[in-house]
Amino acid sequence: MIKLTVNGRAVALDADANEPLLWALREDLQLTGTKFGCGMALCGACTVHLDGQPVRACSTPLSAAAGKKVTTIEGVGASKTGKAVQAAWVKLDVPQCGYCQSGQIMSACALLAAKKSPSDADIDSAMSGNICRCGTYNQIREAIHVAADTLKSGKAIKTVGA
């Protein structure tokens with residue numbers, strides 16, 4: 001049994017220790033928001049947080065998550081940073097096809113947890129491992145700035161219908 005905490009919930013998985021974390025999340029725990037993109041840690045679609053750090057779940061063995069805290073796109077909104085990033089994504093209508101967006105959001109949250117006022121260069125560097133086939137990089141950068149400003153001001157982002 002491999003024990004870990006996923007989105008604040010303790011879980012024990014009877015799985016192969018070498019199984020990629022991605023498949024444990026998607027298949028065993030039915031958390032399908034984390035996407036399979038390339039399987040080689042190159043595209044970022046599978047990004048999750050492991051003890052607060054962004055990792056590629058497709059290349060992280062389940063054994064590396066044993067005893068640690070995993071946060072997925074389904075759980076990131078429980079944090080103030082996650083809420084701000086998700087609200088900025090909605091406000092600026094960032095996704096087009098949306099496939100990469102869970103990984104993009106997870107990387108953006110990790111950036112803002114580490115750097116409260118990132119520059120464009122900081123954002124480009126932190127997000128460089130996340131590929132968006134639709135090319136929404138300008139909207140992603142702007143949404144990160146909006147989320148950073150929201151976190152600094154403490155005011156909630158107003159979105160359509162809210």
Which atom pair, heavy atoms only, marks the closest approach of [X] to [Y]?
{"X": "Gln104", "Y": "Trp89", "value": "CB-CZ2, 3.9 Å"}
{"X": "Ala148", "Y": "Pro118", "value": "CB-CD, 4.1 Å"}
{"X": "Ser107", "Y": "Thr47", "value": "OG-CG2, 3.7 Å"}
{"X": "Gly98", "Y": "Pro95", "value": "CA-CB, 3.9 Å"}
{"X": "Ala12", "Y": "Lys3", "value": "CB-CG, 4.0 Å"}
{"X": "Leu50", "Y": "Ala64", "value": "CD2-O, 3.8 Å"}

Nearest 0.5 angstrom please: [X] [atom1] to [Y] [atom2], how far?
{"X": "Lys91", "Y": "Glu142", "atom1": "NZ", "atom2": "CD", "result": "9.0 Å"}
{"X": "Ile140", "Y": "Asn130", "atom1": "CD1", "atom2": "CG", "result": "7.5 Å"}
{"X": "Ser128", "Y": "Tyr137", "atom1": "OG", "atom2": "OH", "result": "10.0 Å"}
{"X": "Leu92", "Y": "Thr136", "atom1": "CG", "atom2": "OG1", "result": "11.0 Å"}
{"X": "Ile144", "Y": "Met127", "atom1": "CD1", "atom2": "CE", "result": "4.5 Å"}
{"X": "Cys46", "Y": "Phe36", "atom1": "SG", "atom2": "CZ", "result": "8.5 Å"}

For the residue pair [Y] / [X], report whether a side-chain donor-acceptor contact shorter than 3.5 Å exists.
{"X": "Thr34", "Y": "Arg26", "result": "no"}
{"X": "Lys152", "Y": "Ser117", "result": "yes"}
{"X": "Ser125", "Y": "Asp122", "result": "no"}
{"X": "Thr72", "Y": "Asn7", "result": "yes"}

Min side-chain heavy-atom separation [X]-[Y] under 4.5 Å:
{"X": "Gln101", "Y": "Cys132", "result": "yes"}
{"X": "Glu19", "Y": "Asp28", "result": "yes"}
{"X": "Cys58", "Y": "Pro20", "result": "no"}
{"X": "Val48", "Y": "Thr71", "result": "no"}
{"X": "Leu151", "Y": "Lys116", "result": "no"}

Problem - Leu29-Trp23 co-clustered via ILVMFWY side chain contacts under 4.5 Å - result: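 No: no chain of side-chain contacts under 4.5 Å links Leu29 to Trp23.
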
Under 3.5 Å, side chain of [X] to main-chain N/O of [Y], donor-acceptor pair present?
{"X": "Asp14", "Y": "Met1", "value": "no"}
{"X": "Ser59", "Y": "Met40", "value": "no"}
{"X": "Thr5", "Y": "Gly8", "value": "no"}

Handout entry: side-chain contact (heavy atoms from CB on, under 4.5 Å) partner of Leu13, chosen from Val6, Leu25, Leu4
Key =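 Testing each of Val6, Leu25, Leu4 against Leu13, the sole residue satisfying side-chain contact (heavy atoms from CB on, under 4.5 Å) is Leu4.
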
